[in-house]
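A note on names: the letters A, B, ... follow the listed sequences, proteins ahead of strands, and every chain is numbered from 1. All heavy atoms count here, side chains included; hydrogens, waters and symmetry mates do not.
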2 protein chains.
Amino acid sequence: MMADVAKLAGVSHQTVSRVLNGAPHVRPGTRDRVLAAIRELDYRPNSAARALVTRRSQTLGVVSFESTLYGPASMLDGIERAARSAGYFVSVASLRSLDARSVQEAVDRLRDQGVEGVVVVAPQTSAVSAVAKVSSSVPVVAVGSGARSSIPTVTVDNRSGAEAATRQLLDLGHRTVHHLAGPSGWLESQDRQEGWRRTLEAAGARVPAVAVGDWSARSGYEAGQRIAGLADVSAVFCANDHMALGLLRALHESGRPVPGDISVVGFDDIPEAAYFIPPLTTVRQDFGELGRRALELLVAELGGTDHPITRVQIAPEMVLRRSAGPAHRA
Amino acid sequence: MMADVAKLAGVSHQTVSRVLNGAPHVRPGTRDRVLAAIRELDYRPNSAARALVTRRSQTLGVVSFESTLYGPASMLDGIERAARSAGYFVSVASLRSLDARSVQEAVDRLRDQGVEGVVVVAPQTSAVSAVAKVSSSVPVVAVGSGARSSIPTVTVDNRSGAEAATRQLLDLGHRTVHHLAGPSGWLESQDRQEGWRRTLEAAGARVPAVAVGDWSARSGYEAGQRIAGLADVSAVFCANDHMALGLLRALHESGRPVPGDISVVGFDDIPEAAYFIPPLTTVRQDFGELGRRALELLVAELGGTDHPITRVQIAPEMVLRRSAGPAHRA
DNA sequence: CCCCGGATTGTGAGCGCTAACAGGCGGGGC
DNA sequence: GCCCCGCCTGTTAGCGCTCACAATCCGGGG
């Protein structure tokens, strides 16, 4: 195919290749003739042939779990955009489950396809450790997980976000803050819970037992029904906004007004959070940025002298809305 | 690389290839030796080389817009899973905007990468028509759009979903039903609006002016503030759940209880809808299934005798919850 | 006027794999 | 006992591109 262009332009195939790759030392006139021939024939270079000889597929892989949720979906979006502007294609592989085998399988699949690097958007402890083992032949970075692993990681500072949320509630006069945590296998859950606990301890506040959900509104609702039955609750920090939504409804149904009786703070700041009843005070996490940074990291690792293990942390930001108010019996 | 395996197994590279591709006429003993050598060397076939000679990349492309929303994200997920089980990889390209040029660009990009087919998850009128023009060299199918275009399409039956929602409200005794529509460029918006209008007309009910939103909770909230000011509103059908959420809050703030004073019905049944205040009656649309079917269609088109233009429609399903109740002044 | 070095272009050799076509082996039919 | 025909395996060509290495052309210095 490239030969056709060469013939039409009256040059060798190599010159066509040079024009395509922007090599130096091509006379402007020649370049123009080649370009014209390319346009004339609507020629498109064959990426497989190029990949075969250069050993570079121009493709990066993304492993993701629960990619229908807002967070993962946004990260994927951020990754794709960043990849495009860095000149890469993006191939995705969803995980069925989060066990090590499944992660292994997805990464292998991607590798077989020839990806040059992989971003893992699977913030569960088991997944991350599984990935760490796989990193053999291609660079891997993890995103969104507060990883304590041996691979480069981009994450929001969950601990400080949780601290900010808890302190906010304490500052409003609440004696203590309850916590509705995410599932235990997730690094996010652990870090947020730790941030919450520390803040309470630092303030000398009582540390109540934590409720555990699975990130879903349903689980927040169920936990909320239990929490609504407790007399001494005046503030709850939820590990994410979806659970906060469920909690809000349970509280509403149990006749415990928010923030009049109980204050609630979430985490993530999904676009809908501002429209909950009442609008949710929460901790914003910029998922798109997270994805972008992860990709930058991966590209840097691909291109460059191998850096030491890198760990990027992005600061979250508190968003104050009406769901958190002053303590009622201060 | 394949040569190494061949040498170790004491066969020719072609025999290795045969084993890899499950070709017939390979003696079991030979096959085992090859397999052992493959395992021993941890050999992985080079996909670029294979793609070069077979002219098949095993890769399908997905063009998507607003992929951070629940619907598109779920479709992408469905597509990926279906693609994997059909033996394909999936490469994604997000659109920055929905104009024809942008779509063209994304499809070209994918084509340059060598995808064998493309699924477009961009349900806007302009996008679909743009895609129809591009379909030149690779098969393309659209998903999620109520396409009236020349390309194969998988979509939910938006019209009948809207009809069901509207009739439900009418059956509850409401004299008429207001409509909060999606943005005008979207096929979904148009079909849902049409279903709503028809049902009203068929029932001899007055057809109120429609409010228009942009799918976001914010736009639903703003429209809701206006609607709350209208005295004669007793039922509202929203074109999606996010807008319904915003509407619910506006109504709540304006002291118009749902469903006591006004009934609300949404569309999509996002996982959170059951936890709105009050739980949202809505029309469920199975996005994952949509994605799966789209992929099946694409694969069929790739593999087979070219079918005529196909159009798959999936029936949506009403989900009754508390946000819609009997008319108060029947 | 000839030689040299940089600019410009062409030639040959694969990248790792599959497709197409041999070739070699053994058993059944005559 | 010989031939034909299935099995099984090997050999030879590329797929379309880039890389390494010439080859050619040009102007200025000696």
From the set D/dT9, C/dT18, C/dG14, return the single nucleotide nearest to any side-chain atom of B/His25. D/dT9
Does C/dT18 have OP1 or OP2 sitting under 4.0 Å from an N or O in the side chain of B/Ser17? yes
B/Met1 side chain, from C-beta outward: closest of D/dA20, C/dG16, C/dA19: C/dG16
Indicate whether OP1 or OP2 belonging to C/dG10 is found under 4.0 Å from a side-chain N or O atom of A/Thr15. yes
When the ring planes of A/Trp186 and A/Phe65 are compared, do they come out parallel, tilted or perpendicular, using 30° and 60° as the limits? tilted
Could you check whether A/Pro24 gets within reach of a base, just the sugar-phosphate, or nothing at all, counting any heavy atom under 4.0 Å? nothing
When you measure from the side chain of A/His13, which nucleotide among C/dA13, C/dA19, D/dC15 comes out closest? C/dA13
Among C/dA20, C/dT18, D/dT9, find the nucleotide with the atom closest to the side chain of B/Val26. D/dT9
Ion pair B/Glu105/B/Arg109, N-O distance below 4.0 Å: no
Quick check for you: among D/dT9, D/dC17, D/dG14, whose closest atom lies nearest to any side-chain atom of A/Pro45? D/dC17
Whole angstroms only, please: what is the NZ-C1' distance between B/Lys7 and D/dG10? 16 Å
At under 4.0 Å, does any side-chain N or O of A/Thr30 touch on OP1 or OP2 of C/dT9? yes
What is the separation between atom CZ on B/Arg50 and atom P on D/dC17, rounded to the nearest whole Å? 21 Å
Is the shortest side-chain N/O distance from A/Arg27 to OP1 or OP2 of C/dT8 below 4.0 Å? no
Rounded distance in Å - CZ (B/Arg56) to C1' (C/dT18): 13 Å
Atom pair distance, as rounded to whole Å: CE in A/Met2 and P in C/dG12: 15 Å
How many whole angstroms separate atom CZ of B/Arg55 from atom P of C/dC17? 18 Å
Whole angstroms only, please: what is the CD-C1' distance between B/Gln14 and C/dA22? 12 Å
Just by distance, do the side chain of B/Ser57 and the backbone of B/Ala51 share a donor-acceptor pair under 3.5 Å? no
Taking 4.0 angstrom as the limit, do B/Glu289 and B/Arg293 come out as a salt bridge? yes
Atom pair distance, as rounded to whole Å: CG in B/Leu41 and C1' in C/dG16: 15 Å
Between B/Asn46 and C/dC15, does any side-chain N or O lie under 4.0 Å from OP1 or OP2? no
Presence of donor-acceptor pair under 3.5 Å, side chain of B/Arg18 and base of D/dG10: yes
B/Ser12, nearest nucleotide to its side chain (from C/dG14, D/dG10, C/dT18): D/dG10
Approximate separation, where rounding is to 0.5 Å, of A/Ser47 OG and A/Arg56 CZ: 13.5 Å
